[in-house]
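I have placed the structure first, in the form of structure tokens, so that the comments after it can refer back to it.
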Amino acid sequence: MQDGTPWPGNCVRDHPGMIQVFLGHSGVRDVEGNELPHLVYVSREKRPGFEHHKKAGAMNALIRVSAVLSNAPYLLNVDCDHYINNSKALREAMCFMMDPTSGKKVCYVQFPQRFDGIDRHDRYSNRNVVFFDINMKGLDGIQGPIYVGTGCVFRRQALYGFDAPITKKPPGKTCNCLPKWCCCLCCCSRKNKKTKQKKDKTKKSKQREASKQIHALENIEEGISESNTLKSSEASQVKLEKKFGQSPVFVASTLLEDGGIPQNASPASLLSEAIQVISCGYEDKTEWGKEVGWIYGSVTEDILTGFKMHCHGWRSVYCIPKRPAFKGSAPINLSDRLHQVLRWALGSVEIFLSRHCPIWYGYGGGLKWLERFSYINSVVYPWTSIPLLVYCTLPAICLLTGKFIVPEISNYASLIFMALFISIAATGILEMQWGGVGIDDWWRNEQFWVIGGVSSHLFALFQGLLKVLAGVSTSFTVTSKAADDGEFSELYLFKWTTLLIPPTTLLVINIIGVVVGISDAINNGYDSWGPLFGRLFFAFWVIIHLYPFLKGLLGKQDRMPTIILVWSILLASILTLMWVRINPFVSKDGPVLEVCGLNCDD
């Protein structure tokens, strides 16, 4: 520090809470005379033995500090590897938040993620345009997009776990709005009202006598009511402290829907209160991370947080300005990209095996059915790695065993199959046209879905089961992004990881299957070439999907790394010996000699 003492935050795992105000209430203005916004550095307290909940815990600490110091009604969440590319996008978000008709029910405005430093072909589908330009647009027509962790403007009240405001129903129809055939019903009801009015007069006289007696008791009840109101206010204060924590300043700020802080509060008192709300034990025995703020329990806290808001009846909005609102850097290296997908899939598995699973959580709230299906899809997709792995393995097995993957079907069944195939293809084409997604981006997304499905999703499934069922926790590292020492230098850098083993194995067995199938057809003659083409089609289809993975293994010099070469030779030898054992070219009893009908002795 300036006085020569060491910085208190040098030990990242053991340091006190620190707040440094760069721009505060001093009234600093820019060259045009406009007051500059507050700029405050916050580092929450870290002590050994406490669970800090990673990013979710840091975001909750920032919510509390900002509520004590400024208490703005809206918050902007941007990751450290993103930057603001369009300052006017915040105004567009405010247009949704402050809309007089539906703005009160909007919990957050989500912007799409856009990235810099991605290669022209987007080899590993880092742009993820199918998700951001098709899926998220579709969700915007239901109850809104899911929260993706960055590039999002929040309403503070929605983060506090409050229910969305109930929209008032439109006024009922008067008699002038009803059709003519309803007039007779109205007339009958009027006659009944006249008879009721006579009875009401007798009731009013009795009520006047009773009111005199009640008025005499009001003076006695006034003193009792005052004591009751005090008790109820104290009970509500205790209830709020159990929910938000033991900070009276922060608890009071949660009740201010339009934000703001007390005018008579001194900056020193606010800073001391802000230090208190970022202490390690502040969240103990409260609802932080359970019902309030960013929700704990998964490494993908963004899905859980948005899901809880939608369950409270809020809706979200997807905003796509012409100029991208925010831009960031993406992991363009194959290994880093697989680790990123692994972390996302692991979070989905954790949610699937928790009480917050959208299959059984949140019924009776404000979550719409189609929105629930979208959340179910976001936590179920890692389980598709098992059938996908089988699908990518079957073509090689068919080529090695000589059996076809598709059984013979009737003409009627084939027509149904073709109709389903055409309808799925037409739906995909319409989605691409509607979302403005090109065929190249769609194909890259399909390729990496297979690559990530047989590697990251599969590993995430097993890690999630071990963590939930056996208590074996897995640590994750922050994904490294593109380097600055050369354009796309990280793209060609090879980093060994166990995630590369399953796709490599699938590539090897399918290539061996193709070689074995062609060799078998050459030995058996022309009759075996017809069934071979169907088997080769499925094998080549798998190889084409894994082509970006193969290209990533080769690297810039088009040379296979040594460890991959060793794995390939080992797997090829094992699978070849297995094939020879199961279905050899020559029978176990030796070559079968048939009498051809010709007398060779002549």
- Task: Using a 4.5 Å cut-off on heavy atoms from C-beta on, say whether the side chain of Asn77 contacts that of Phe154.
- Result: yes
- Query: Gln143 side chain to Glu371 main-chain N or O, any donor-acceptor pair under 3.5 Å?
  - Reply: no
- Query: Between Phe250 and Trp288, how do the two ring planes meet: parallel, tilted or perpendicular, split at 30° and 60°?
  - Reply: tilted
- Message: Is it the case that atom CH2 in Trp541 sees more than 12 heavy atoms from other parts of the structure closer than 6.0 Å?
- Response: no
- Task: May I ask you to decide if Ser102's main-chain N or O and Asp99's side chain share a donor-acceptor pair within less than 3.5 Å?
- Result: yes
- Message: Tell me if the centroids of the rings in Trp443 and His545 come within less than 6.0 Å of each other.
- Response: yes
- For residues Val153 and Met97, determine if any side-chain heavy atom of one lies less than 4.5 Å from a side-chain heavy atom of the other. yes
- Please state whether the rings of His356 and Tyr361 are parallel, tilted or perpendicular, taking 30° and 60° as the class boundaries. perpendicular
- Heavy-atom closest pair, residues Glu45 and His15: CG-O, 3.5 Å
- Item | Pair Asp336 + Arg343: basic N to acidic O under 4.0 Å | no
- Quick one: sort the His310 and Tyr108 rings into parallel, tilted or perpendicular, breaks at 30° and 60°. tilted
Distance-only criterion, 3.5 Å: show the donor-acceptor pairs between side-chain atoms of residues 300-307 and protein atoms not counting sequence neighbours.
| from | atom 1 | to | atom 2 | distance (Å) |
| --- | --- | --- | --- | --- |
| Thr300 | OG1 | Ser298 | OG | 3.0 |
| Thr305 | OG1 | Ile295 | N | 3.2 |
| Thr305 | OG1 | Glu301 | O | 2.7 |

- Message: I'd like to know if the side chain of Glu291 and the backbone of Phe162 have a donor-acceptor N/O pair within less than 3.5 Å.
- Response: no
- Query: Between Arg47 and Asp14, is the closest basic N to carboxylate O distance under 4.0 Å?
  - Reply: yes
- Task: Decide, yes or no, whether a salt bridge links Glu92 with Lys322 under the criterion of side-chain N to carboxylate O below 4.0 Å.
- Result: no
